[in-house]
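I have placed the structure first, in the form of structure tokens, so that the comments after it can refer back to it.
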Amino acid sequence: MEYDVADLRLADKGLKRIEWAGQFMPVLAHIEARFSKERPLRGIRVSACLHVTTETANLLRALKAGGAQVALCASNPLSTQDDVAASLVKHLRVPVFARRGEDRRTYYKHIQSALEIRPHITMDDGADTISVLHGERTDLLPGVIAGTEETTTGVVRLRRMEEKGVLRYPIIAVNDADTKHLFDNRYGTGQSTLDGLIRATNVLLAGRQVVVSGYGWCGRGVATRAQGMGSHVIVTEVDPVRALEAVMDGFRVMPMGEAVRVGEVFITVTGNTQVLRREHLQRMRDGAILCNAGHFNVEIDLKGLRSLAKKRRTVREHVEEFTLRNGRRLHLLAEGRLVNLAAAEGHPASVMDMSFANQALSVQYAVQHAHRLANRVYPVPKAVDVQVARLKLTSMGVKIDSLTAEQQRYLRSWESGT
Ligand code: ADE
């Protein structure tokens, strides 16, 4: 079996951490148990391009239990947990192509390697496999029946491909399931981003001026959690409705041009490019901390930052200090890449449980229905969403009410009023 991981000797440590995460993934465990009996993915080859974490390892175990053959590469050069990569190779016999800190060339070479199994299904976190398949590896497209996509960023891109008529196989937008984005994007990104910020810097959040750029589900999570830790949170937005929501959720909202004068910590979560630009960087306060929790490392103008600096040095792990020509120091975390995965461990397993339950069930759905799907972006079936929510509630010991027959009739009717 071919693979490329940093150090196989880390495998036993990785296995313990994978098992630890597994305790917090009861929904996925339930699916894995059913998959082992029913084997709905028998004969299916899956190329997965995901963050190589303990949670992802549990997902791959479930897919293998279902009968799938799986290959894995990283969806970000800095997010790979090398011990997990090693354990997947040694204990689960998964060909993994991922090394933490790999350069851009290796990153893309690894995507190509994970495609060597000639997938029926692709599983993406940021649509990089899909891009490669639609670019250099069109030869593999005839064998692909469907794909899944985990992120908002990826789904946005895939919708553009669909609109332009260039998408060559159907995609299930896992991100858009309610049991994914309402929890993973909000509570997962909320907690793990602050976790990364704190692990990298050990700053006190209480009383600090924190600027959160973007008030989508991820931005909301980050802003709310930072506020909960006592920070004074400022939100910047371009969408008037989201800005209004942020105002009514109790945040100060202002343009970035104003926020740079007050902010001490800046967190970009927009999914867009060039959010913190030269003109902003130049006017920031001495000691400002900059980090990104959006999928790609394009939100902070890294080139601009480098060009403004007269001196650069690493001051602690994951923290690079840039001394600008105006004498002020700016601190960039994790090279502007996803701070929650590069400086911490990504979202906690309890929330990835739901995201990856959606992934596993979407793969099963795709295998069963792909022949009837067009080359479009499809939502996760409502029944899957409801099933994931019910299983999660059960695992938490939470019971809920159900509609009476009279309530059901009422909801179906339109005649009765006051
Ligand atoms: N994306 C965010 N957090 C993650 C995690 N823990 N594992 C895999 N993908 C993630």
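Sequence positions, counted from 1, serve as the residue numbers for this chain. Just follow the structure's listing: the first ligand is 1, and inside any ligand the first atom is 1. All values below come from the heavy atoms of this structure, side chains included, with hydrogens, waters and symmetry mates left out.
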Could you tabulate the donor-acceptor pairs under 3.5 Å formed by side-chain atoms of residues 247-267, not counting sequence neighbours?
| unit_1 | atom_1 | unit_2 | atom_2 | d |
| --- | --- | --- | --- | --- |
| Asp249 | OD2 | Tyr215 | OH | 2.5 |
| Glu264 | OE1 | Gln209 | N | 2.8 |

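- Atom numbering of ligand 1 starts at 1 in the shown order; those under 4.0 Å from a heavy atom of Gly346 are 3 (N), 6 (N).
- Within 6.0 Å of OH in Tyr365 there are more than 12 heavy atoms belonging to other residues, nucleotides or ligands.
- Of all atoms in ligand 1, numbered sequentially from 1 with element shown, those under 4.0 Å from a heavy atom of Thr56 are 7 (N), 8 (C).
- Aromatic ring orientation, Phe24 versus Trp20: perpendicular (interplanar angle above 60°, classes split at 30° and 60°).
- With contacts defined as side-chain heavy-atom distances shorter than 4.5 Å, the pair Leu133/Leu141 qualifies.
- For Arg118, the CZ atom counts as loosely surrounded, since its 6.0 Å shell holds 12 or fewer non-hydrogen atoms of other residues, nucleotides or ligands.
- Taking the centre of each ring, His134 and Tyr169 come in below the 6.0 Å mark.
- Residue contacts with ligand 1: Asn340 is placed with no nitrogen or oxygen under 3.5 Å of a nitrogen or oxygen of the ligand (distance criterion only).
- Of all the atoms in ligand 1, the ones that sit under 4.0 Å from a non-hydrogen atom of Phe356 are 8 (C).
- The N/O atoms of His51, backbone and side chain alike, include none that comes under 3.5 Å of an N/O atom in ligand 1.
- With Thr53, Val351, Asp184, Leu50 as candidates, the residue nearest to atom 7 (N) of ligand 1 on a non-hydrogen basis is Thr53.
- Counting heavy atoms under 4.0 Å from ligand 1, residue Met352 touches it through the side chain alone.
- Atoms of ligand 1 found under 4.0 Å from any heavy atom of Glu345 (numbered from 1 in listed order, with element): 6 (N).
- Closest to atom 3 (N) of ligand 1, if we only count protein heavy atoms, is His347 N, 2.8 Å.
- Using a 4.5 Å cut-off on side-chain heavy atoms (C-beta onward), Leu41 and Leu63 make contact.
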